[in-house]
Amino acid sequence: MAPVALALCWCTAVLLSTPPPAHSYTGDPSTAPGPSPAAAEPTSSSEYKTYIILLKPRADAQVMDDEAREGWYRSFLPDDVTAHGEPRLVSSYKTIFHGFAALLTEEELDAASRKPGFGRWFPDEMMYPTTTRTPEFLGLSKDAGLWPKSSYGKGIIIGVIDSGIESRHPSFDDAGMSPPPARWKGTCKGMVRPVRCNNKLIGVRSFVDFNPDDETGHGTHVASIAAGNFVANASSSHGQAAGTAAGIAPGAHLAMYKACRPTGCLRSNVVHAIDTAVGDGVDVINISLVRESGVLLDKDVVAIGAFRAVAKGVVFVTSAGNDGPDSSTVNNDTPWEITVGAGSVDRKLAAGLLLESGDLVEGEALVQAPNSTAYRPLHYPGEGCRKVSVERTRGHIVICDDARVKVDVQARIIKNLYNNGAAHVVLIGQEKAGFTLGFREYGSSVVQEPAAVGHKLKDYSQYPDSAAQVFFKGTQLGIRQSPTVAYFSSRGPSRGNPRIVKPDILAPGLNILAAATESPDRGPFRFMSGTSMAVPHISGVVALLKGVHPDWSPMAIRSAIMTTADELDNDGKPIMNEKHEPASAFAVGAGHVNPTRAVDPGLVYDLEVRDYAGYVCHHFARARLDDDDDDDYAVQDILQDLNLNCRNVPRLSDVDLNYPSIVVPANKKVQRTLTNVGPAEQYTGRLSMAHGVGVDFSPKWLSFSRPGEKLTFQVSHHGSEVAEGFLIWESNTHTVQSPLVVLRS
Ligand SMILES: *[C@@H]1O[C@H](CO)[C@@H](O)[C@H](O)[C@H]1NC(C)=O
Ligand SMILES: *[C@@H]1O[C@H](CO)[C@@H](O)[C@H](O)[C@H]1NC(C)=O
Ligand SMILES: *[C@@H]1O[C@H](CO)[C@@H](O)[C@H](O)[C@H]1NC(C)=O
């Protein structure tokens, strides 16, 4: 049987509808972390807080043993314990950072920062996590293609930094799995609660407690999307979306690094988790936590951690965030991360209304019910159905606007309507969600209508004697047009790097059925939505590509994923956004991931760690972010590597990075270099862009005669239009496509 169900869910649905208040963690530059403690928020100065401290790199650091390293770290602390007797050293990093987290007062931090060798400090803040069908929708099948070719991701280790894991879930059975590779240094030891580790789940560590359990269900869901094993007969608790569940890389190993609790994820724990995961030997880190958008690099310790992980060959996959559809809401936007946006899948749990006028109003219902046998009067009371008259509810189809409240509050409103005798309840989504419809678990059968369709129903209900029948059609596949960009998926341009197209790529993130933690009122699989659910799809694809191409750099892997992405939907039209308008590159990135094509891209835009270092140098020289006089020294705090400094790397601006998407400002020329990873072939270039935009490129063809050969081309923009399109290199057997954006400045 072909795998049908993939795991993703709606736990993020709760987060989507009631997101953590963005302003509370969106970086305000005046209170942002930084090298200058004077910029900190005023607080009682004798209060202890956790600070993350990065030290300047030292030549002997690589050869230090744990004891010597800890001695070095402790030399920045006044003593070992606080006045309250708590150990000061909260965590010490040893793989990718020279640094630690410690409890200090402001004065003590100030004193530490004056010691030679101190780099920079960061406050410890909360970050927030941003969920059956998807392998098949992505063209993965047991019969042919990337799954068998990559042995399903065999031998690759995906590290998930999240909320813990339900280790006994059948998605984490190890049937058919080999033992982990010999380089694996992780462990499942040290947990107070039993954890089932095996050849699938090869590591579980917790940085928040000694308990592997997943209190939110987020980590379990995400892990199963990336690398859950095959589970026959999976479906939602209401029997929908039935099929064989499988992660994107069902043969890959998983390691869970628990850094989150229901209240959020402390930055110091996330950084500790990244440091440990890289040391354990993971190949891919999937992290779907929201960082502040627009925070500059030197204030963002997780971005620095991502850089260090990529420098060690680990692929870092992050979520664009759930703050869409407004522009400039994208998170996790550094050039070294793969930033993933969320799209819909081609599945519907179909339901709707047949109006007495003969019109159909189609929607979905997570809990399906029997068809109505007669036309029932419609009633739209407004105000989120909080105030309804019993007479106008009994026997009626009651139409409610989404009250934009927590799911349990909404569920109570709905239950009240049924208690008052409603025949059916129809819930209309938020206006800004357009055609996006995310399932939420209300407990009773509710027909959910996207706002873009629901207004028809509301208008019709205003006619006297308006009536309708409710129908349910069950799970339907092959729905057109799919994918579309989910409304919540955060959009570029990024505030920190506006001239790098972010997000990079779109992957399934709406109504994803995946593993659920145990709960008395639902089964082992549940729906969730969010860019968090899109991230593990890409982590899984990365694992498959690594299985086939173990020698590719993280940047080559990202390039392969981007230049082979689909820019058309399953109806052959440009991918649409939530309003069913063509989506911008700043919503879809390079397009929707196509794993089968990604394994054989023909050419890649490769980048070296030195290039990223050159970008950091350029960034600092340009923006003068730092109050440290010595650019080099400041940059070394970030790069954490004595071998990289601004004198020995080429300074590269954002537009000059050899990125797989291309941005050309007005009257500028940018250069790109392609590396041949396919056969000897001639490629012809082609622009797909509105006529009259002053864009040109040269040369017009590139002839590769051997593997590994590099050839260069230029793209120029003579004019000041703003436009989007593609630059496409085609050979007889490959198409290498880049989004091309021209800007005024
Ligand atoms: C799946 O469910 C069907 C129908 O309930 C049953 O016949 C079949 O044996 C089940 N397969 C597995 C592997 O449990
Ligand atoms: C990937 O990261 C996201 C965001 O934290 C998380 O929700 C998800 O569980 C992770 N999944 C995997 C497989 O790493
Ligand atoms: C309910 O009505 C729909 C639409 O007419 C139809 O497709 C479906 O088969 C019906 N369901 C049942 C159980 O009869």
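We number each residue from 1, following the sequence as shown. When a ligand or atom number is given, it counts from 1 through the structure's own listing order.
Side-chain rings of His396 and Tyr380 stay apart, their centers remaining 6.0 Å or farther from each other.
With sequence neighbours left out, Tyr418 forms a ring pair (Phe, Tyr, Trp, His ring centres under 6.0 Å) with no residue at all. By the side chain to side chain contact (heavy atoms under 4.5 Å, CB included) test, Arg392 pairs with His379, Ser389, sequence neighbours left out.
Listed by chain and residue number, the protein contacts of ligand 3 are Asn371, Phe471, Phe472, Lys473 (heavy atom within 4.0 angstrom).
Each disulfide (SG to SG under 2.5 Å) pair with one or both residues in residues 384-430, not counting sequence neighbours, appears once here: Cys385-Cys400.
Under 3.5 Å, the side chains of Thr220 and Asp214 contain a donor-acceptor pair of N or O atoms.
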Hey, mind stepping through Val317 and Val284 against side chain to side chain contact (heavy atoms under 4.5 Å, CB included) and telling me if it holds? CA-CA 7 Å; Val317 190; Val284 186; 4.0 Å; yes
